[in-house]
Amino acid sequence: MLEGVNRIGVHEWEIPVGYVAGMRVPGRIFLSESLGRTLEPGAVQQLANVATLPGILKHSLAMPDIHWGYGFPIGGVAAFSVDEGVISPGGVGFDINCGVRLLTTPLQEKDVSGRRDLIEELFRAVPTGVGAKSALKVSSRSLEGMMAKGAQWAVGAGYGVERDLRRCEEGGFMKAADSRTVSDKAKQRGIPQGGTLGSGNHFLEVQVVREIFDPDAAKAFGLTLGQVCCMIHCGSRGLGHQICTDHLKTLESATKKYHITIPDRQLACAPITSPEGMAYFSAMAAAANYAWANRQMITHTTRQVLSKMFKVEYDEMPLMYDVAHNVAKMEEHVVDGTRMKVCVHRKGATRSFGPGAADLPTDLSSIGQPVIIPGSMGTSSFILRGTRTAMERTFGSTCHGAGRIMSRTQAKKMKSGREIVANLLKEGIIVRAHSENAIADEAPEVYKSSDEVVNVVHEVGISRLVARLSPLGVIKG
Amino acid sequence: MSFEEISHTADVKIRARAPTLEALFSETFKALMQVMYGATRRGGILREIRIESPDNESLLADFLSEVLFVSEVEGLVFLSARISINGSRLTAELTGEPFDHVRHCGGSEVKGISYSGLSITHDANGYMLDIIFDV
């Protein structure tokens with residue numbers, strides 16, 4: 001383990017105050033010893049930098065998929081006092097509400113295994129990759145709806161059913177959204193991209209439930225062994241990227257105006273209750289809503305493809321759940337014995353609310369929130385459930401994915417996209433993307449093992465394993 | 001004048017060197033276009049961008065953010081840029097072409113220009129910078 005990082009438990013490490021100047025609280029990382037070997041000094045530095053921000057509560061936290069990002073590390077979680085704390089776009093990222101959802105189907109593995117035509121049809125129907133524009137026409141009025149009401153707008157516009165909304169974090173939209181804080185430039189970028197997947201690590205994957213660890217929770221989530229599901233991973237597209245860019249600039253001035261000292265310009269921030277802080281929060285919420293609407297529109301397209309190809313009824317494909325990975329939220333948590341409203345930043349982390357928590361659908365209240373952890377291309381994804389331990393220890397948060405360990409430059413030197421596609425096909429996994437380059441960037445080897453990451457959060461107890469899904473086919477940007 | 005991609009776990013880190021600040025900005029701009037759209041790009045369609053920002057790092061980040069905006073909303077892929085900088089003001093004349101699904105689909109969408117690790121330095125050999133593009 002890196003120098004200056006102290007072990008305080010089997011899977012728990014502390015970055016003491018003083019690791020960088022001005023830390024207000026210690027840093028805490030949940031990590032196994034073997035994952036610790038891939039921990040980068042840059043990521044630890046970023047975790048310590050977050051601990052210098054005003055109003056931070058308890059710890060600057062990192063999940064086991066921690067890696068070097070910008071501003072916060074990826075896998076970083078921090079909660080701030082609403083009265084004394086700050087809000088920072090560096091704690092959310094450019095891709096606001098990048099998130100993931102799982103759509104269940106009544107199909108079995110034998111129905112779709114080896115069906116290249118299904119993957120081709122999904123690839124044709126869902127716009128992916130750089131420069132992709134939507135076939136679903138979004139008017140400027142619809143854009144307002146997407147930003148104000150998120151998935152609820154999408155369902156109202158015919159892109160889903162009411163039940164979908166009960167299976168989204170926040171019911172599929174944040175009420176704080178205010179499109180007056182969103183620039184015309186952001187809106188211009190949002191109109192042509194509604195219903196598009198994007199590029200990079202975004203994907204739509206056809207998967208099969210391969211293993212069930214917790215039968216009661218799996219039943220409550222609607223998962224059965226051998227069942228085919230679709231996982232959709234994408235975010236707020238150019239609209240969210242522009243909102244982050246715009247508000248980063250405003251908040252940089254605000255950082256100086258409110259005399260806040262920050263160790264990294266990407267951590268530009270403002271007091272949560274300041275006009276600048278509230279404007280960012282309202283715009284971020286609008287982008288988060290756009291992302292929920294976007295995932296709902298892609299869900300609709302996916303359901304249409306499956307309906308047409310397999311004669312499955314639209315309402316036979318319930319949404320299991322939808323979670324945000326990059327977001328700041330106002331939530332109530334117990335801090336030092338007192339229940340208080342805090343602003344939780346999750347940057348590459350998933351909400352993991354335990355049984356009895358607010359915002360859970362009533363039928364899942366005794367189980368906990370479904371948590372969706374996508375694996376890297378070709379590897380297992382996992383479904384977990386939120387826990388009371390997460391509420392007590394991590395402001396109701398857990399990991400979000402496997403976490404990269406290798407750069408794109410290294411990845412490209414290792415294997416070509418063509419080789420990767422051929423290898424995955426041998427394992428029965430069909431990959432479709434616009435370019436081989438995009439596939440080489442996301443080779444399975446460039447990520448930490450998702451099994452090991454989820455084992456850590458399971459053992460620490462900040463979420464518990466429910467099921468494992470393995471890929472049958474994937475479309476990528 | 002040159003740029004290279006430096007190993008970075010999650011994103012794309014570029015190191016560029018050039019004899020003048022204008023050339024440094026121009027190289028970084030080319031790096032951005034190459035990351036997004038690959039090396040096969042043509043000129044022809046002209047666009048002008050004007051930016052005013054308090055320091056060199058902000059001027060560069062704001063310029064590249066504006067390029068991301070123009071490129072996306074107009075569907076343009078740029079070949080190169082002629083840049084002039086006068087104190088806190090930048091003017092860039094860009095030449096490019098419409099996005100082509102066949103030639104330009106091999107890249108990675110850049111979500112934003114990060115200030116983390118952004119530093120422009122100057123010594124007897126000229127200017128150098130490191131910059132991270134969020135992909």
Side-chain angles (χ1 to χ4, degrees), chain A residues 38 40 42-43 46 49 67-71 73-74 90 93-95 98 129-133 185-186 188-189 191-193 198-202 235 237-238 240-242 244-246 248-249 252 264-268 348 403-410 433-438 441 446 477, chain B residues 4-15 33-39 51-55 57-58 61-77 98-119 131-135:
Chain A
T38 61
E40 308 135 304
Q46 288 177 335
N49 287 346
H67 61 91
W68 187 22
Y70 51 86
I74 315 293
F94 284 101
D95 197 359
C98 178
V130 180
K133 297 229 173 6
K185 285 166 104 174
Q188 255 181 287
R189 293 177 75 170
I191 283 180
Q193 294 185 331
S199 73
N201 60 0
H202 294 161
R237 314 287 292 109
H241 310 165
Q242 189 69 43
C244 180
T245 301
D246 294 339
L248 203 53
K249 207 155 172 62
E252 203 174 16
D264 173 356
R265 282 180 80 174
Q266 197 70 24
L267 288 176
R404 278 188 89 97
I405 46 172
M406 201 184 287
S407 71
R408 287 166 170 78
T409 38
Q410 285 169 295
H434 281 293
S435 82
E436 287 184 15
N437 214 9
D441 271 359
V446 309
Chain B
E4 59 181 319
E5 194 175 333
I6 304 288
S7 200
H8 184 277
T9 320
D11 296 309
V12 171
K13 184 173 182 178
I14 297 292
R15 178 165 295 165
M33 285 294 112
Q34 184 156 324
V35 166
M36 290 184 76
Y37 303 116
I51 299 288
E52 189 168 355
S53 293
D55 55 73
E57 282 83 1
S58 304
D62 291 349
F63 163 55
L64 296 178
S65 296
E66 187 64 16
V67 170
L68 290 180
F69 171 74
V70 174
S71 174
E72 185 176 298
V73 297
E74 295 199 38
L76 292 175
V77 171
F99 176 82
D100 178 309
H101 275 284
V102 178
R103 282 185 294 121
H104 300 140
C105 76
S108 311
E109 194 167 52
V110 172
K111 295 173 186 167
I113 311 300
S114 165
Y115 277 110
S116 281
L118 173 58
S119 66
I131 191 165
I132 294 169
F133 301 150
D134 177 24
V135 294

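First the proteins, then the strands, lettered A, B, ... as listed; each starts at 1. Excluded from the calculations below are hydrogen atoms, water molecules and symmetry mates; all remaining heavy atoms, backbone and side chain alike, are included.
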Revision key, fill the gap. Comparing A:Asp95, A:Asn437, A:Val130 against chain B, the one with the most heavy-atom pairs below 4.5 Å turns out to be A:Val130
Exercise for review: Pick one of side chain, backbone, both or neither for A:Glu436, based on which atoms fall under 4.5 Å of a heavy atom in chain B.
Suggested key: neither
Practice item. Check whether B:Glu74 gets within reach of chain A through its side chain, its backbone, both or neither, counting any heavy atom under 4.5 Å. Key: neither
Exercise for review: Heavy-atom distances under 4.5 Å only: say whether A:His434 touches chain B with side chain, backbone, both or neither.
Suggested key: both
Exercise for review: Select, from B:Ile6, B:Ile132, B:Asp62, the one with the greatest count of heavy-atom pairs under 4.5 Å involving chain A.
Suggested key: B:Asp62
Review point. Would you call B:Glu72-A:Arg237 a salt bridge at under 4.0 Å N-O?
Key: no
Practice item. Decide yes or no for B:Val135 and A:Asp441: does some side-chain heavy atom of the first lie under 4.5 Å from some side-chain heavy atom of the second? Key: no
Point to revise | Interface moiety of B:Ser71 toward chain A, non-hydrogen atoms closer than 4.5 Å | key: neither
Review point. Any idea which of A:Lys185, A:His67, A:Gln46, A:Met406 has the most non-hydrogen atom pairs under 4.5 angstrom with chain B?
Key: A:Lys185
Exercise for review: Sort A:Asn49 into side chain, backbone, both or neither according to what part of it lies under 4.5 angstrom from a heavy atom of chain B.
Suggested key: neither
Review point. Mind checking what makes side chain to side chain donor-acceptor pair (under 3.5 Å) contact with A:Ser407, not counting sequence neighbours?
Key: A:Thr409, A:Gln410, B:Ser7
Review point. Which bit of B:Leu118 comes within less than 4.5 Å of chain A, counting heavy atoms only: side chain, backbone, both or neither?
Key: neither
Exercise for review: Determine yes or no for a side-chain-to-main-chain donor-acceptor pair under 3.5 angstrom, with A:Gln193 supplying the side chain and A:Gly238 the backbone.
Suggested key: yes
**Study point:** Contact leader toward chain A among B:Phe69, B:Tyr37, B:Phe99, where contacts are heavy-atom pairs under 4.5 Å
**Key:** B:Phe69
Check your understanding: In chain order, what residues pass the salt bridge (Lys or Arg N to Asp or Glu O under 4.0 Å) check against A:Asp246, with sequence neighbours excluded?
Key -> none
Check your understanding: B:Leu68 versus B:Val110: any side-chain heavy-atom pair under 4.5 Å?
Key -> yes
Practice item. Among A:Gln188, A:His241, A:Lys133, single out the residue with the greatest number of heavy-atom pairs under 4.5 Å to chain B. Key: A:His241
**Study point:** Side-chain touch B:Glu5/B:Val12, heavy atoms, less than 4.5 angstrom
**Key:** yes
Check your understanding: Which answer fits A:Ile191, side chain, backbone, both or neither, if we ask what part of it has an atom under 4.5 Å from a heavy atom of chain B?
Key -> neither
Practice item. Could you tell me whether the side chain of A:Ser199 and the main chain of B:Glu109 form a donor-acceptor pair under 3.5 Å? Key: yes
